[in-house]
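First up is the structure itself, then whatever we jot down about it.
Note that these values count all heavy atoms, side chains included, but never hydrogens, waters or copies made by symmetry. Every chain is numbered from 1 and lettered A, B, ... according to where its sequence line falls, protein lines coming before strand lines.
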Amino acid sequence: MHPLSPVTLEIIVVILGVFLLLAESFSKPGDKSWMPQFSIFILACVFGFSFFTSGNVHDAADGGFWTFYSADGPAMFFKRIALAATAIVLVMSIEYKREIERAIPGESPGAGLGEFYALPIFTCAGLMFMASAVDFLLIFVSLELVTVSFYVLVAYMRRSNASLEAGVKYLILGAMSTGFLVYGITWIFGVTGETNLAKIGSYLSHYQGSPQPLLFGIMLILVGLGFKVAAAPFQIWVPDVYQGAPTPVTAYLSVGSKAAGFLVLMRVIQPFLGVPGVGNRVLAIMTVIAALSLLYGNLGAMPQDNLKRMLAYSSIAHAGYLLVAVTSVSAVVGRLGSAEIAIAYYLAGYLLMTLLSFLVMIIVARHSRGDDIVHFNGLCKRSPFLAFGMLVAMLSLAGVPFTAGFYGKFLVFAAAVEQQHFFLVAIGAITVAAGFYYYLRVVAAMYWREPEDGTRIEISFMSRFVIGGLAAAIIVFGIFPQPILGLLRDPTPSGQSEAALKTSAAPSLQ
Amino acid sequence: MALTLNDYLLVSGMLFAIGFAGVMLRRNIIIIFMCLELMLNAANLSLVAFSRFNLTARILPDGTHTLVPNYNAQILVFFIITVAAAEVAVGLAIIVALYRARQTTHVEDITSLKF
Amino acid sequence: MSPVIFWIFAAMMLAFGISVIANRSPVASAISLVVSFLCLAALFIGLDAYFISVIEVLVYAGAVMVLFLFIIMLLDLKAEKRRKLNLAAVAGGGLVTAAFVAEIWFVLTDFTKGQQAFPAYEHAGIDDVREIGMTLFSTHNLPFQVIGILILVATVGVVVLSKRELK
Amino acid sequence: MNNNIPWLILVCPLIAAACILLFTRRAPSFSAHISVFAVCVSFLGSLVAFIVPYSDAPNQLSWIDLGGAFRVPIGLVVDPLSKVMLLIVTGIGALVHIYSLVYMADDKGKSRYFAGLSLFMFSMLGIVLADNFVMMFIFWELVGVSSYILIGHWFTRDAAAKAANKAFLCNRIGDFGFMLGILLIWSATGSFGFSAIREHIALLTANPAFLTVAALCIFCGAMGKSAQFPLHVWLPDAMEGPTPVSALIHAATMVAAGIYMLVRVYFIVSASATAMAVIAWIGIITAVLAALMATQQDDIKRILAYSTLSQLGYMVSAVGNYAPEAAMFHLFTHAFFKALLFLGAGAVIYALHHEQNIWRMGGLRARMPKTFWTFAIGTLALMGCFPFSGFFSKDAVLLAMFHNNGWIFVLGLGTAFLTAFYMMRLVTVAFLGRARTENAEHGHDGPFAMTTPLQILAVLSIVAGWSFVAGPVFGKPFVERLEAGSHTFWVPMLAFVAFAIGAAGGWILYANQPSDPVLIPVFKKKFGIDEFYCLLIGGTQELLAKACRFFDKWIVDGLVVRGLSGATLGTGLIVRFFQFGNLQGYAFLFGLGVVALIYIIVFVH
Amino acid sequence: MLNLLIFIPLLAAFAILLGVAPRKTALLAAGSQLAAAILLFFSYDRAGAAFQFASRYPVIPSWHLSYYVAADGLSLVMLLLTSIVTLAAIWVTPPVERRASLFYACLLFISAAAAGAFASQDLFFFYAFHELALIPTFLLIGIWGSGERLAAAWKVTIYLALGSFILLIGLLDLYHSIPEASRTFDMIELQRAVIPSSAQSRPFLLLLIGFGTLVSLVPFHSWAPVAYASAPSPAAMLHAGVLKKFGLYGLLRLALPLLPEGAKHWTGLLLALLAANILYIGFVTIAQRKLDMMLGYSSVMHMGYIFLGIATFNVIGVTGASLLMFAHGLSIAALFAISGMIRERSHTLSFDSLGGLATPMPFLGLAFGMAAFASIGLPGFANFASEIMVFFGAFRTGGSSLQFNGLQLATIGGLWGVVISAVYMLRAYRAIFMGAPSKAISGWSDPAFSHRWPLVLLLASLIVVGFVPKLLLSYLRPAVEALLH
């Protein structure tokens with residue numbers, strides 16, 4: 001068959017979203033649970049299609065579709081991450097139905113659920129566009145698409161003060177970071193006169209002017225992106241928003257925008273790495289940001305008693321680990337210590353374990369009416385299955401071998417050690433120990449303590465299936481990472497895509 | 001003397017800083033929101049200035065070359081304005097919802113999530 | 001445009017910008033915001049960006065400000081009287097702002113390219129509305145479509161967030 | 001087959017011990033007979049090995065073998081020296097075993113006891129037969145542990161447990177030196193087989209200082225085992241063990257091991273004059289001190305114990321005075337009469353229902369004549385009265401001292417005098433006069449199995465010194481070397497005089513005394529050496545241990561580990577408070593971060 | 001074939017979690033593991049290649065990272081130790097009230113992890129397998145521990161996690177200090193790599209700290225005593241007996257052959273630390289007043305001798321060290337087993353409240369005596385043979401001069417340590433087993449006949465190896481010689 005054009009994926013997703021909206025508005029009120037199931041199915045199909053798309057198509061360099069959009073290996077990889085994340089988030093939102101209904105009183109039962117199922121689809125489209133964006137225009141626009149939809153999702157539960165407060169905080173700080181992002185883009189455009197990353201790269205390859213304006217611009221852009229990936233010191237919103245937002249949205253925030261943000265981050269800083277007097281300082285500032293995130297996230301997570309909030313801090317921490325890898329983007333792709341591989345793999349693993357923990361958390365929280373750590377006491381009595389799932393997730397987050405999380409840390413620190421970043425490694429030592437502490441607190445609660453009420457927890461088939469699948473995936477990919485690493489290759493390596501790969505997947509300090 | 005690019009950049013920078021300061025200083029969420037608009041428009045100003053400054057080659061219908069402002073930047077400005085409008089809409093909706101729930105638009109009153 | 005006019009408008013823009021954050025009453029802030037944007041539009045004209053300046057006026061004066069005023073009225077926000085200024089916050093914010101301005105200033109001093117005047121160009125036969133339109137619908141179509149989706153999402157969001165409560 | 005007899009001698013007791021441990025623990029008397037049988041076999045084996053002219057070396061096993069790098073063989077050496085020692089060890093051992101049959105007849109831990117005895121025999125024979133240092137060290141340690149088992153036999157008595165620990169620790173301290181000496185010799189000569197070292201002795205003598213250190217380290221081992229002065233404290237306490245054990249340890253086996261080892265490595269120690277002097281002086285000091293202490297003891301076994309100490313001092317000093325054969329000779333005779341004395345004392349104790357204080361005895365001569373006469377013979381031998389065996393051997397030792405060092409000789413004479421004195425005291429108080437207690441009234445001789453060993457030993461204690469006995473036992477060259485010096489006839493005269501005065505003094509002071517007329521606290525308190533050690537250990541080891549524990553608990557673990565983890569947690573709490581929930585503050589922090597980072601990236605070079 | 005050793009316990013653990021009869025399955029698994037180990041041991045062809053029973057599945061071909069198990073003499077000995085102690089530990093386990101299945105599963109997990117670590121010849125799995133044991137330990141101590149079990153569980157887990165992380169960094173640094181061309185995770189391939197001596201000191205230090213933490217090298221030891229004191233005795237047996245040896249094994253496997261220069265560079269430090277291990281910890285041990293703490297500290301102390309053997313860098317000492325790993329593993333396991341049995345009856349292990357146990361429990365008395373004497377290096381037990389080799393190895397090149405080098409000074413300290421260990425062991429023995437039995441304990445009795453076998457197993461293997469060390473030495477020597485080339 002003739003390979004699909006990659007953008008069909010986004011198109012299908014958008015159509016799905018619009019369809020859901022229409023269905024919501026025209027269907028008579030009633031049970032809406034078919035919607036997420038249907039869209040999960042569609043997303044799964046799209047996921048499947050993504051293996052049959054053509055790579056980048058060569059066309060005139062005078063601008064046009066392919067100057068904004070790239071479908072190289074990493075792009076496809078992150079599209080798939082977005083799709084998977086969205087599908088699992090929809091599963092969560094099914095489990096979360098009751099809370100939503102309680103929080104948004106409509107005229108009819110289930111009013112507003114449709115939008116709650118539809119908006120993530122559009123977010124997914126935005127994430128997919130982000131994954132492919134190689135031009136500041138598209139980066140900005142798709143980023144905003146994601147952000148705006150997240151504004152709505154975070155504040156979705158209008159009855160719950162927490163949700164609204166989180167929404168406002170996210171809105172203000174998000175808009176602020178957007179301001180910085182735009183201002184930064186402005187500066188980069190001003191210096192280089194281009195918005196396309198490849199063109200910026202080629203312009204900068206013989207750049208003579210003073211580095212200050214460039215650094216100023218790139219820093220402002222980093223502010224915007226750092227906000228998206230929850231890196232210190234732009235993490236300030238994370239704990240509150242994560243805690244206040246509806247749990248599925250929290251999960252989505254911590255996975256989706258982080259993943260896309262990191263891809264964009266790598267694409268954006270890459271052209272600057274080669275510029276004398278700029279590249280090294282960009283990496284230096286990355287080191288600072290990484291160190292701050294590691295410390296802030298891990299240390300802040302230790303005293304937390306609310307699991308959701310603790311996971312928020314841990315999300316900052318993981319941003320830190322990913323940034324450690326970003327600071328050592330230089331090695332050749334495919335060898336141990338290649339930062340791109342590390343980041344991609346880490347994000348995939350992070351997706352699995354975070355979503356797993358959030359899914360379990362939603363179920364447990366519904367049964368023991370609360371998402372503090374104490375609510376997990378004696379879970380291994382109430383539901384060994386959930387306890388095991390949570391155990392796997394926590395161990396993976398803590399980075400215990402034979403879980404995806406360990407491979408992630410392994411690759412990250414391999415990259416760091418190869419670049420001799422022993423400062424970050426030293427901080428990593430502290431933070432890993434701290435990580436063991438706060439993740440194992442959950443394990444201890446589940447296995448050491450006795451439950452308040454011994455009532456068993458029954459789980460719907462779909463959740464059971466998804467939890468089992470995620471746990472299995474964590475362990476399997478923790479032993480055989482090859483499948484994930486293989487996904488990073490280009491769909492069809494043509495000349496253009498090689499170039500695209502150079503700009504995206506294999507930056508190197510010439 | 002003629003105006004230089006830096007004059008515009010300086011002015012826009014100051015506008016940006018004013019918005020920035022407003023976000024940090026004001027307590028009323030709506031006004032904070034206005035300040036965010038200020039920041040975005042400051043960016044717009046410098047963008048337009050740059051687009052005027054970095055002329056690009058352009059082929060006229062009659063085949064002759066000429067220099068025109070870099071319209072990519074102006075398109076970006078256009079997008080920014082649109083996005084800003086959308087953000088305002090959503091933001092104000094959230095603020096309204098907040099006001100309904102809590103009868104306030106002051107940041108001191110929404111500090112239940114902390115530590 | 002002559003420097004004099006530029007500086008006048010620039011000064012006005014900044015002044016009203018300041019008044020946005022200085023005014024206690026939200027309404028006044030909104031008004032000064034709009035005025036400041038009008039001055040901005042004027043500066044755009046000075047940069048031969050007619051389309052943009054028109055858009056600026058339409059969107060902000062036409063839409064955004066109305067929206068703001070409407071909400072302010074709807075929520076019936078009074079000027080904040082009860083609260084006294086938090087000096088620490090003011091001092092901190094002021095310092096940070098000052099630092100930021102200083103940084104911009106130093107960057108600009110290093111930005112040699114920016115110390116030269118704007119190059120002249122041949123206006124004849126260049127219609128920026130047409131130019132922008134052409135680009136928008138030809139090469140820059142993809143982001144344009146995405147913007148469309150964004151607006152759709154925003155609309156849905158607004159609807160969802162401000163749906164009528166169940167009695 | 002002849003060359004496997006030594007192996008037979010060695011392993012018989014081991015097999016017995018293993019049998020008892022694994023199978024016959026439940027059947028005490030059977031176990032007892034197993035072990036007696038084993039030791040008898042060993043004794044016969046030794047006799048055979050002694051009589052049958054010795055043909056070729058027994059085959060060697062290799063215990064550790066790292067190819068060229070390192071090889072520890074287990075080989076047996078059978079030469080006149082070891083032959084004699086075999087005879088003594090197995091002979092006395094056999095007698096003690098038989099004696100124990102009665103003495104331990106109704107003891108709860110009988111099997112354990114006999115297993116211990118057999119293990120003890122095995123280890124001792126191992127020392128005797130060892131042909132290299134490592135092997136000797138192995139059995140050296142084993143002797144230590146088996147003595148631990150036997151001394152602590154009545155472990156429910158706290159004193160016994162203490163004594164056992166003390167004995168083992170003193171030995172361990174000695175072994176520390178011993179092992180170090182072995183290592184030094186190895187690092188110099190690259191070998192630890194006695195014959196091999198004899199070949200490479202030049203490598204040692206090359207560096208006298210090194211040699212001296214090595215020799216003294218080796219001597220440390222001997223000090224531990226044969227209870228020489230600084231490490232002598234364990235021996236008297238070892239009396240807490242059953243009396244036969246005391247007999248075995250003091251007479252023939254454990255303490256003798258030190259002397260035997262010194263003689264065995266004589267060719268090394270004698271190469272260093274300094275070491276020899278040290279050895280000689282240590283020996284004589286031990287002899288004098290022990291004798292002095294003995295004069296004031298009331299426990300019959302303790303008196304004998306101190307006498308053992310002083311006799312060992314004689315032997316060590318003899319070695320130090322270049323007369324190893326004299327040392328062996330005295331060891332030989334001493335083995336008999338000391339075993340005799342102990343068994344006799346055991347008989348008394350047994351008869352008086354475990355009464356050990358001589359002041360609660362008296363008048364036993366009439367009631368237990370056999371015991372008395374044998375005991376008297378042993379005493380005379382120990383006093384060094386002509387013509388008992390002790391006279392000749394002590395004479396040889398004194399002669400060696402006389403030839404070598406006048407002062408030591410004088411001290412030796414003094415010791416002889418003291419020996420006679422306190423032994424006289426013992427006999428007079430315990431056996432003569434009239435009974436002082438109820439128990440003493442009803443004393444009586446032990447059964448056949450108890451008295452027979454006494455009688456045998458009595459005979460041996462008389463004749464063992466006469467040259468027609470000693471001659472063939474030690475072989476010609478030995479005797480010649482022995483008689484080489486003995487032309488001065490007034491050394492024996494002096495010795496005899498010392499004996500006479502001492503004995504007379506003892507009689508005059510103690511005949512028919514109700515209680516001890518002389519009180520010399522210093523001697524009674526053993527010069528307070530034990531107390532001093534307690535202070536020393538308490539002051540150094542325990543204090544150091546407490547200090548270390550404190551440091552480990554509060555500094556290493558408390559301050560550093562807990563401190564660091566606490567600091568981390570504390571920082572976490574601080575981090576938390578950035579998250580104070582106020583949006584304005586967040587915006588401020590955000591802006592602060594932005595400005596700071598911009599400053600760093602743009603302006604910091 | 002080797003995989004059996006790893007996967008028998010692993011599968012058994014999962015089966016138990018899924019609800020098979022716990023104790024029977026566990027015993028069966030451990031038994032068959034031991035059987036397999038013995039089978040391997042004797043089917044190892046000493047004339048043939050160094051590494052046998054190899055099996056390899058590529059995991060990430062591009063990095064030469066593969067699941068790769070193979071065994072040489074050293075690995076075989078360690079695997080033997082693992083399976084022996086596993087069987088003993090599972091056997092002595094008293095009836096578990098809460099969640100027996102989880103308990104046995106954790107034990108089997110630890111065993112599998114240890115076996116995997118000793119068997120795998122791939123750097124990644126070598127590391128990963130070991131850290132896998134961390135969590136079962138955490139659960140075992142936290143759920144079934146005694147005393148301040150929670151604090152102990154946290155401490156040991158985080159401490160070891162930190163140590164493992166430093167170790168990981170060390171391994172990565174080692175990996176990257178190898179010339180680009182010959183980078184691989186294959187540890188056997190790695191032996192051929194030559195690392196520029198300038199680049200050796202940092203990796204060695206990292207490895208020393210990392211491994212040292214796992215082996216409780218002073219000053220990274222403070223996790224060990226409290227952990228062992230509060231762990232259930234089977235866990236303590238497995239951890240102190242087997243898992244702890246991983247660090248030393250790693251030093252032998254990686255640091256010695258790959259980083260000789262680095263080792264030389266840090267010898268002084270190593271000697272100082274191990275001397276501290278022996279003397280300083282020795283004194284701390286003397287001051288202990290509870291059996292479990294004392295055993296914990298003594299196990300820390302004895303690590304010093306193994307380090308001493310490693311520090312000699314010659315065949316005698318290193319072989320002695322590797323034999324001592326085996327011996328110490330067995331003796332400390334026996335001691336912990338007995339202390340567990342006592343705790344079962346008395347619920348306390350403080351010397352002051354115990355005494356005279358030998359009268360009601362002669363067997364325990366005997367067993368403890370043997371184990372104690374074994375651990376303080378009494379001839380006839382394996383410990384003595386290995387300690388002798390260590391000492392002789394240290395004095396290998398002394399010559400006849402009194403100018404002792406650091407190694408020999410450390411050895412003299414070690415010799416004195418032998419006295420120290422005698423002091424505390426005998427003191428403990430006297431305090432617990434000797435003396436007059438009090439009324440309270442008169443009711444107690446020896447463990448049932450079936451529960452004595454694990455002790456017999458451990459002590460018997462100690463004695464056998466002690467009498468015939470050649471049995472293992474003939475396996476260890478070629479391996480060690482290969483490591484030292």
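Using a distance-only test at 3.5 Å, with no hydrogens or angles considered, a donor-acceptor pair links the side chain of A/T250 to the main chain of A/Y242. Judged by distance alone, with hydrogens and angles left aside, the side-chain atoms of D/N132 form a donor-acceptor pair with the main-chain N or O of D/P73 at under 3.5 Å. D/T189 contributes a side-chain N or O that, together with a main-chain N or O of D/S191, makes up a donor-acceptor pair within less than 3.5 Å. Between the side chain of A/S163 and the backbone N or O of A/S160 there is no donor-acceptor pair closer than 3.5 Å. A donor-acceptor pair under 3.5 Å is formed between the side chain of A/S293 and the backbone N or O of A/A232.
Contacts between residues 211-219 of chain A and chain D, defined by a heavy-atom separation under 4.5 Å, are made by A/Q212, A/L215, A/F216, A/I218, A/M219. Contacts between residues 302-313 of chain A and chain D, counted as heavy-atom pairs separated by less than 4.5 Å, involve A/M302, A/P303, A/Q304, A/R309, A/Y313. Within residues 553-571 of chain D, the residues having any heavy atom closer than 4.5 Å to a heavy atom of chain A are D/T568, D/L569, D/T571, listed by residue number. Applying a 4.5 Å heavy-atom cutoff, the residues of residues 576-587 of chain D that approach chain A are D/R576, D/F578, D/Q579, D/G581, D/L583, D/Y586, D/A587.
Checked against the 6.0 Å centroid threshold, A/F136 and A/F189 do not count as a close aromatic pair. In this structure, D/F137 has its ring center at least 6.0 angstrom away from the ring center of D/F192.
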Next on the checklist: Run A/T178 and A/E144 through side chain to side chain donor-acceptor pair (under 3.5 Å) and show every step you take.
Outcome noted: CA-CA 8 Å; A/T178 309; A/E144 281 310 304; 3.2 Å; yes
Checklist entry - Under the salt bridge (charged side-chain N to carboxylate O under 4.0 Å, His left out) criterion, do D/E240 and D/K162 qualify, and how do the steps go? => result CA-CA 9 Å; D/E240 293 296 335; D/K162 273 210 185 68; over 6 Å; no
Checklist entry - Are A/Y439 and A/S314 close enough, and set up right, to give a side chain to side chain donor-acceptor pair (under 3.5 Å), and what steps lead you there? => result CA-CA 9 Å; A/Y439 290 123; A/S314 98; 3.2 Å; yes
Next on the checklist: Apply ring-ring contact (aromatic ring centres under 6.0 Å, His included) to residues A/F227 and A/F180 and explain how you reach the verdict.
Outcome noted: CA-CA 10 Å; A/F227 178 91; A/F180 283 104; over 10 Å; no
Item to check | Test side chain to side chain donor-acceptor pair (under 3.5 Å) applied to D/T24 and D/S31, step by step | outcome: CA-CA 6 Å; D/T24 68; D/S31 321; 3.1 Å; yes
Checklist entry - Do A/Y437 and A/N298 pass the side chain to side chain donor-acceptor pair (under 3.5 Å) test, and can you show the C-alpha distance, the side-chain angles, and the key distance before you say yes or no? => result CA-CA 10 Å; A/Y437 172 69; A/N298 283 298; over 6 Å; no
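Per-residue heavy-atom pair counts under 4.5 Å with chain D were compared for A/I285, A/I172, A/I289, and the maximum is reached by A/I285. For the options D/V602, D/V575, D/I601, heavy-atom pairs under 4.5 Å to chain A are most numerous at D/I601. No other option in D/L592, D/L589, D/L597 has as many heavy-atom pairs under 4.5 Å with chain A as D/L597.
Within the 4.5 angstrom heavy-atom criterion, no atom of A/L292 approaches chain D.
Of the residues listed (A/L424, A/V432, A/V326), the one engaging A/Y321 in a side-chain contact (heavy atoms from CB on, under 4.5 Å) is A/V432, and it is the only one.
Residue-environment remark: OH (D/Y599) stays at or below the threshold of 12 foreign heavy atoms within 6.0 Å.
The aromatic rings of D/F133 and D/F178 stand perpendicular to each other, their planes meeting at an angle above 60°, with 30° marking the opposite boundary. A tilted orientation is assigned to the rings of D/F590 and A/F234, their planes being inclined by 30° to 60°.
When side chains are defined from C-beta on, A/L440 does not count as touching A/M394, because their heavy atoms never get closer than 4.5 Å.
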